[in-house]
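First up is the structure itself, then whatever we jot down about it.
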2 protein chains.
Amino acid sequence: MKIDPNSSADLSVQIAQAIKDAIISGELIVDERLPSEAELSDHFQVSRPTVREALKRLAAQSLIRTQRGASGGAFVNRLSFEDAYAQQVTTSTLLLSMNEVSFDTACEARYALERACAPLSAERRSADHLATMRAEIFRQGQPGLTDVAFCASDVAFHRALVDGARNPVLSYQLAGAVEAMQPLMNMITFTARDRAVITGLHTRIADAIEAGDGGAAAAGLQDLECETRKLASDVFAARAQR
Amino acid sequence: MKIDPNSSADLSVQIAQAIKDAIISGELIVDERLPSEAELSDHFQVSRPTVREALKRLAAQSLIRTQRGASGGAFVNRLSFEDAYAQQVTTSTLLLSMNEVSFDTACEARYALERACAPLSAERRSADHLATMRAEIFRQGQPGLTDVAFCASDVAFHRALVDGARNPVLSYQLAGAVEAMQPLMNMITFTARDRAVITGLHTRIADAIEAGDGGAAAAGLQDLECETRKLASDVFAARAQR
DNA sequence: TGACATTTAAAAGTCTGACATTTAGAATCT
DNA sequence: AGATTCTAAATGTCAGACTTTTAAATGTCA
């Protein structure tokens with residue numbers, strides 16, 4: 001682990017990069033303890049606060065975790081699926097909210113990816129996944145449900161569908177696509193009629209999954225995508241006119 | 001922006017979270033300047049180094065950028081697709097390398113997602129995307145190409161395929177799935193025969209894309225997935241036996 | 001001997017205050 | 001008016017001290 005004393009980049013950035021590289025290259029392995037802050041500041045010939053800023057950068061990315069007390073220190077963190085999932089959702093959400101991505105673009109990406117999960121989910125889903133999907137469909141039919149709660153239930157339904165593929169990598173990748181849409185979906189007001197159409201499609205998808213028919217599930221998702229885009233365009237058109 | 005003085009969590013973590021929440025909620029908008037470090041330390045009643053650690057955490061996630069000098073400070077950063085893309089690749093790569101994800105699982109996820117792009121790419125790809133695919137296929141046929149270079153070219157081919165869908169959200173989502181596989185692919189040694197089979201499939205896929213036949217492209221990807229998994233299992237079997 | 005309480009030291013977390021460096025903008029000069 | 005210099009504000013860095021947490025070593029007693 002070395003830094004370039006001639007570089008114009010901030011020291012804390014350089015140090016963070018050096019440690020990150022060491023982790024990625026395998027020089028530092030999971031759960032290995034990094035030198036203490038005092039040792040690091042000595043090694044890199046910088047002050048302790050500078051080292052700390054570098055460590056905080058890494059901690060923010062879940063690359064390391066710190067522990068206080070004797071035999072404490074900074075440890076290389078095993079990036080868990082949960083952590084990666086959370087990061088993925090945050091990044092995707094911010095990306096969509098900050099870049100004027102059109103609803104259609106986001107929607108298209110989401111459903112394209114989700115359709116890819118359908119055949120796997122139809123083949124492998126557990127009874128639990130199916131039960132979750134049914135339960136969410138039931139919830140979506142309850143009167144008095146707010147639009148936000150309806151959207152949240154929609155996300156839960158789709159998560160169950162994706163998780164049904166029993167591929168953690170796929171679930172992780174889809175997390176962003178599905179959840180980042182929620183703020184966009186929350187801008188839509190769903191009439192009772194809209195909800196009926198959507199839950200009808202959900203039922204059709206769940207039935208297909210239950211029957212092990214991935215093609216039918218994908219077709220249902222296709223229709224759901226059309227429906228969602230139509231709904232959104234109506235809402236945005238009405239809003240633009242006002 | 002408030003912090004809970006009774007919380008046991010580290011102050012810098014709390015402050016980072018408070019600012020992050022303000023950004024996500026829209027209280028702070030893109031390119032808005034945060035208060036100076038001195039003002040923040042005054043506001044939160046903590047010292048400047050503590051505030052700085054919080055800011056470094058946010059900078060590590062590309063949520064803010066800092067500028068030195070007069071009228072400098074920390075600004076809410078517009079998360080660009082490039083930044084998000086880079087984060088996505090790093091996270092995915094670490095996730096796979098640290099969690100003993102089987103080759104099959106990663107491979108399945110990657111090709112399932114990629115097949116989802118095929119119809120869109122067949123419909124929308126520009127001449128440029130197609131040219132890139134052809135160029136990479138040509139490179140893959142060159143003798144004397146190292147295995148690592150072959151894998152890199154493979155990634156470039158698939159990126160062109162994905163980008164052909166002309167949906168930046170999709171490209172971003174796929175970035176992790178495709179690039180994170182590279183270290184795993186690099187563990188495979190490709191015989192001349194293997195390469196011929198792969199480039200043959202690549203050609204078939206490119207032809208289908210050129211013809212606008214998304215179904216055929218997806219089928220080609222399906223076969224490529226099978227081929228890749230077979231190759232990998234052979235390599236791992238041979239390695240286990242030794 | 002073994003279980004429990006106490007001490008101790010190491011390490012992260014935090015604070016204070018200072019100085020260095022960068023940079024935009026104001027002031028000045030030609 | 002335009003170029004140059006000055007200035008002040010802000011981040012970047014440093015040094016050293018103190019606080020809090022935590023595990024391990026030590027000591028004590030049944």
Side-chain angles (χ1 to χ4, degrees), chain A residues 1-20 22-23 28 31-77, chain B residues 1-20 22-23 28 31-77:
Chain A
M1 288 196 299
K2 287 272 158 53
I3 59 173
D4 175 13
N6 299 324
S7 168
S8 65
D10 292 347
L11 290 172
S12 69
V13 173
Q14 290 185 60
I15 293 169
Q17 192 60 52
I19 297 175
K20 187 172 176 175
I23 293 174
L28 292 168
D31 291 334
E32 183 170 344
R33 183 179 170 284
L34 271 67
S36 72
E37 295 176 355
E39 288 169 316
L40 285 173
S41 65
D42 196 53
H43 173 74
F44 288 116
Q45 290 288 299
V46 299
S47 69
R48 214 183 122 213
T50 303
V51 167
R52 282 181 61 78
E53 285 181 9
L55 294 179
K56 294 311 138 193
R57 294 186 125 95
L58 299 175
Q61 298 174 278
S62 304
L63 263 71
I64 62 170
R65 61 177 186 279
T66 57
Q67 224 175 352
R68 296 175 70 164
S71 75
F75 298 82
V76 178
N77 197 31
Chain B
M1 288 196 298
K2 287 273 158 54
I3 61 173
D4 175 12
N6 300 323
S7 168
S8 65
D10 291 346
L11 291 172
S12 68
V13 174
Q14 290 185 61
I15 292 169
Q17 190 62 50
I19 297 175
K20 187 171 176 176
I23 294 175
L28 292 169
D31 291 334
E32 184 171 344
R33 183 177 170 284
L34 271 66
S36 73
E37 295 176 354
E39 288 169 318
L40 285 172
S41 65
D42 195 54
H43 173 75
F44 289 116
Q45 289 287 299
V46 299
S47 68
R48 195 160 77 100
T50 303
V51 167
R52 281 181 61 78
E53 286 181 9
L55 294 179
K56 296 311 141 194
R57 295 185 121 98
L58 299 175
Q61 297 174 280
S62 304
L63 263 72
I64 61 169
R65 60 177 187 279
T66 57
Q67 226 174 350
R68 297 176 68 165
S71 76
F75 298 82
V76 178
N77 196 30

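Hydrogens, waters and symmetry mates play no part in the numbers below; they use all other heavy atoms, side chains included. Letters A, B, ... mirror the listed sequences (proteins, then strands); counts begin at 1.
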Using whole Å, what does the distance between atom [atom2] of nucleotide [N] and atom [atom1] of [X] come to?
X	N	atom1	atom2	value
A:Asp42	D:dC14	CG	P	13 Å
A:Arg52	D:dT13	CZ	P	15 Å
A:Phe75	C:dA11	CZ	P	10 Å
A:Leu55	C:dA11	CG	P	14 Å
A:Gln14	D:dG12	CD	P	13 Å
A:Glu37	D:dA15	CD	C1'	15 Å
A:Leu40	C:dA12	CG	P	8 Å
A:Arg65	C:dA12	CZ	C1'	15 Å

**Request:** Indicate the atoms forming the closest heavy-atom contact of B:Lys2 with B:Ala18, along with that distance.
**Result:**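 Heavy-atom minimum between the residues: O-CB, 3.9 Å.
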
**Prompt:** Is there a donor on the side chain of A:Arg68 or the base of D:dT20 sitting less than 3.5 Å from an acceptor on the other?
**Reply:**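 Pair found.
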
**Request:** Please evaluate the base of C:dG17 for a donor-acceptor partner in the side chain of B:Arg48 within a cut-off of under 3.5 Å?
**Result:**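 No pair found.
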
Between [X] and [N], is there a side-chain N or O to OP1/OP2 distance below 4.0 Å?
X	N	value
A:Lys56	C:dA12	no
A:Thr66	C:dA11	no
A:Ser47	D:dC14	yes
B:Thr50	C:dG13	no

**Prompt:** What is the base-pairing partner of D:dT28, counting Watson-Crick and G-U wobble geometry with both distances under 3.5 Å?
**Reply:**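 Partner of D:dT28: C:dA3.
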
**Prompt:** Does D:dT22 pair with anything, Watson-Crick or G-U wobble, both distances under 3.5 Å, and if so, with which nucleotide?
**Reply:**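 D:dT22 is paired with C:dA9.
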
**Request:** Nearest-nucleotide wise, let me know which of A:Ser12 and B:Arg33 is further upstream toward the 5' end of DNA chain D.
**Result:**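 This one resolves to B:Arg33.
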
Please tell me which of the listed nucleotides, [options], lies nearest to the side chain of [X]?
X	options	answer
A:Leu11	D:dT11, D:dT13, C:dA12	D:dT13
A:Gln67	C:dC15, D:dA23, D:dT11	D:dA23
A:Asp10	D:dT13, D:dT22, C:dT14	D:dT13
A:Val46	D:dT22, D:dC14, C:dA11	D:dC14
A:Ala70	D:dT22, D:dG12, C:dA12	D:dT22

**Item:** Name of the residue among A:Lys56, A:Arg52, A:Arg57 meeting side chain to side chain donor-acceptor pair (under 3.5 Å) with B:Glu53
**Value:**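 Answer after filtering A:Lys56, A:Arg52, A:Arg57: A:Arg52.
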
**Message:** Is it the case that the side chain of A:Arg33 and the backbone of A:Gly72 share a donor-acceptor pair, with hydrogens and angles ignored and the cut-off at 3.5 Å?
**Reply:**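 Side chain of A:Arg33 to backbone of A:Gly72: a pair is present.
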
**Message:** Please check this pair: side chain of A:Gln14 against backbone of A:Asp4, looking for a donor-acceptor N/O pair closer than 3.5 Å.
**Reply:**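 Yes; judged by distance alone, with no hydrogens or angles, the pair exists.
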
**Item:** Under-4.0 Å salt bridge between B:Arg65 and B:Asp31
**Value:**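 Salt bridge: yes.
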
**Message:** What I want to check is whether the side chains of A:Ser36 and A:Glu39 have a donor and an acceptor closer together than 3.5 Å.
**Reply:**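 Present: a donor and an acceptor within the cut-off.
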
**Message:** Both B:Ser71 and A:Gly72 contact DNA chain C. Taking the nearest nucleotide for each, which residue is further toward the 5' end?
**Reply:**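 On the 5' side of the pair lies A:Gly72.
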
